[in-house]
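Everything below concerns the one structure shown next.
Just the heavy atoms: all of them, side chains too, but no hydrogens, waters or symmetry mates, feed the values below. Note that this is a predicted model, so its numbers are computed, not measured. Every chain is numbered from 1, with letters handed out A, B, ... down the list of sequences.
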Protein chains: 2
Amino acid sequence: MNKSTLYKGCLEPIIMRLLKDNGRMYGYQITQMVKEITKGELQITEGALYPLLHKLEEQGILETELENVGNRIRKYYTLTKAGKKQTSMAMEELKTFMQSLQLIVNPKLA
Amino acid sequence: MNKSTLYKGCLEPIIMRLLKDNGRMYGYQITQMVKEITKGELQITEGALYPLLHKLEEQGILETELENVGNRIRKYYTLTKAGKKQTSMAMEELKTFMQSLQLIVNPKLA
DNA sequence: AAAATATACCTAATTTGATTATGTATCGGA
DNA sequence: TCCGATACATAATCAAATTAGGTATATTTT
């Protein structure tokens, strides 16, 4: 089993959490921040990230604005109002999930 | 996003952990114990469980013995020596993963 | 006694969420 | 000048689950 298998399914709430904390981020920045925060443990691949961002935008959870930086274009993502609501729920679920995992891994402490 | 999406990828270490703690378990018992420990939060589907148990047996991580209970057969799984070693590593990875998640969800506390 | 639910195993088809590979293009430093 | 970093994107593939189906015994409820 590949170690990266573990966070399959956690990518969406992770992105939402980062956007909630930082307000406005672009894709590449998200990959770098996750790498930094987790000291290289979680590396988001671009093939997973970009399609997911597009999906969330399509669902009205994220909205975008383009910004020119030099000759390049950056695509900034922000949580919509609906997206913020969704994020709160996602965080609750993530919290419950982590507690459940904790209960299994450490039944004595719980 | 479905809430059960979250623990996609965590099933294998969960099973290994339970077998490490309980020594000897059969499939149905694993589903029930997970449900009980997590107060219904994590429900392992049989379609995921049985093929995974078979795979782990094939890989020499688990070994089985059949036991007759009344007119029915129960298939008990136990960690092999190699399986115990694998489990230790899997637990390390799971721990690291959970810490990484914690770092993202709660950057201030970490 | 019959019906429903729980126990106990299993597999096949499909879905989903990722990886891997590939492509385009700009920017900065050795 | 070339390489690595920045910055976006998509297509093919893989892996791990869900959904749905099947078999059969045991127990509880009506």
(message) Measuring to OP1 and OP2 of C/dC9, would you say a side-chain N or O of B/Tyr50 lies under 4.0 angstrom away?
(response)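 Looking at the OP1 and OP2 atoms of C/dC9, one of them is under 4.0 Å from a side-chain N or O of B/Tyr50.
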
(message) D/dT10, OP1 or OP2 - any side-chain N/O from A/His54 closer than 4.0 Å?
(response)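 Yes, such a contact exists.
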
[atom1] of [X] versus [atom2] of [N]: gap in Å, rounded?
X: B/Met33; N: C/dA8; atom1: CE; atom2: C1'; answer: 16 Å
X: B/Ile73; N: D/dA26; atom1: CD1; atom2: P; answer: 12 Å
X: B/Tyr28; N: C/dC9; atom1: OH; atom2: P; answer: 10 Å
X: A/Asn71; N: D/dA7; atom1: CG; atom2: C1'; answer: 13 Å
X: A/Glu46; N: C/dG17; atom1: CD; atom2: C1'; answer: 17 Å
X: B/Ile44; N: C/dC9; atom1: CD1; atom2: P; answer: 13 Å
X: B/Lys55; N: C/dC10; atom1: NZ; atom2: P; answer: 16 Å
X: B/Ile30; N: C/dC10; atom1: CD1; atom2: C1'; answer: 15 Å

Could you check whether any side-chain N or O of [X] sits under 3.5 Å from a backbone N or O of [Y], counting only pairs where one atom can act as donor and the other as acceptor?
X: B/Thr64; Y: B/Lys75; value: no
X: B/Ser100; Y: A/Thr38; value: no
X: A/Arg17; Y: B/Val105; value: yes

[X] has a side chain; which of [options] sits nearest to it?
X: B/Thr5; options: C/dT20, C/dC9, C/dG17; answer: C/dG17
X: A/Ala48; options: D/dT25, C/dA18, C/dC27; answer: C/dA18
X: B/Gln32; options: D/dA17, D/dA7, C/dT7; answer: C/dT7
X: A/Thr45; options: D/dC8, C/dT19, C/dC27; answer: C/dT19

(request) With DNA chain C as reference, determine whether A/Leu11 or A/Gly70 sits nearer its 5' end, using the nearest nucleotide of each. (result)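 The answer here is A/Leu11.
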
(request) Count the heavy atoms belonging to other residues, nucleotides or ligands that lie under 6.0 Å from CD of A/Gln43, then report whether that count exceeds 12. (result)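 Yes, CD of A/Gln43 has more than 12 neighbouring heavy atoms, counting only those of other groups under 6.0 Å.
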
(message) Before you tell me yes or no, could you show the steps for B/Tyr76 and B/Gln29 under side chain to side chain contact (heavy atoms under 4.5 Å, CB included), namely the whole-Å CA-CA distance, both residues' side-chain angles and the distance that decides it to 0.1 Å?
(response) CA-CA 10 Å; B/Tyr76 275 96; B/Gln29 187 187 9; 4.2 Å; yes

(request) Identify whether any heavy atom of B/Gly47 sits under 4.0 Å from a base atom; if not, whether one sits that close to sugar-phosphate; answer base, sugar-phosphate or nothing. (result)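 The answer is base, as B/Gly47 lies within the cut-off (heavy atoms under 4.0 Å) of a base atom.
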
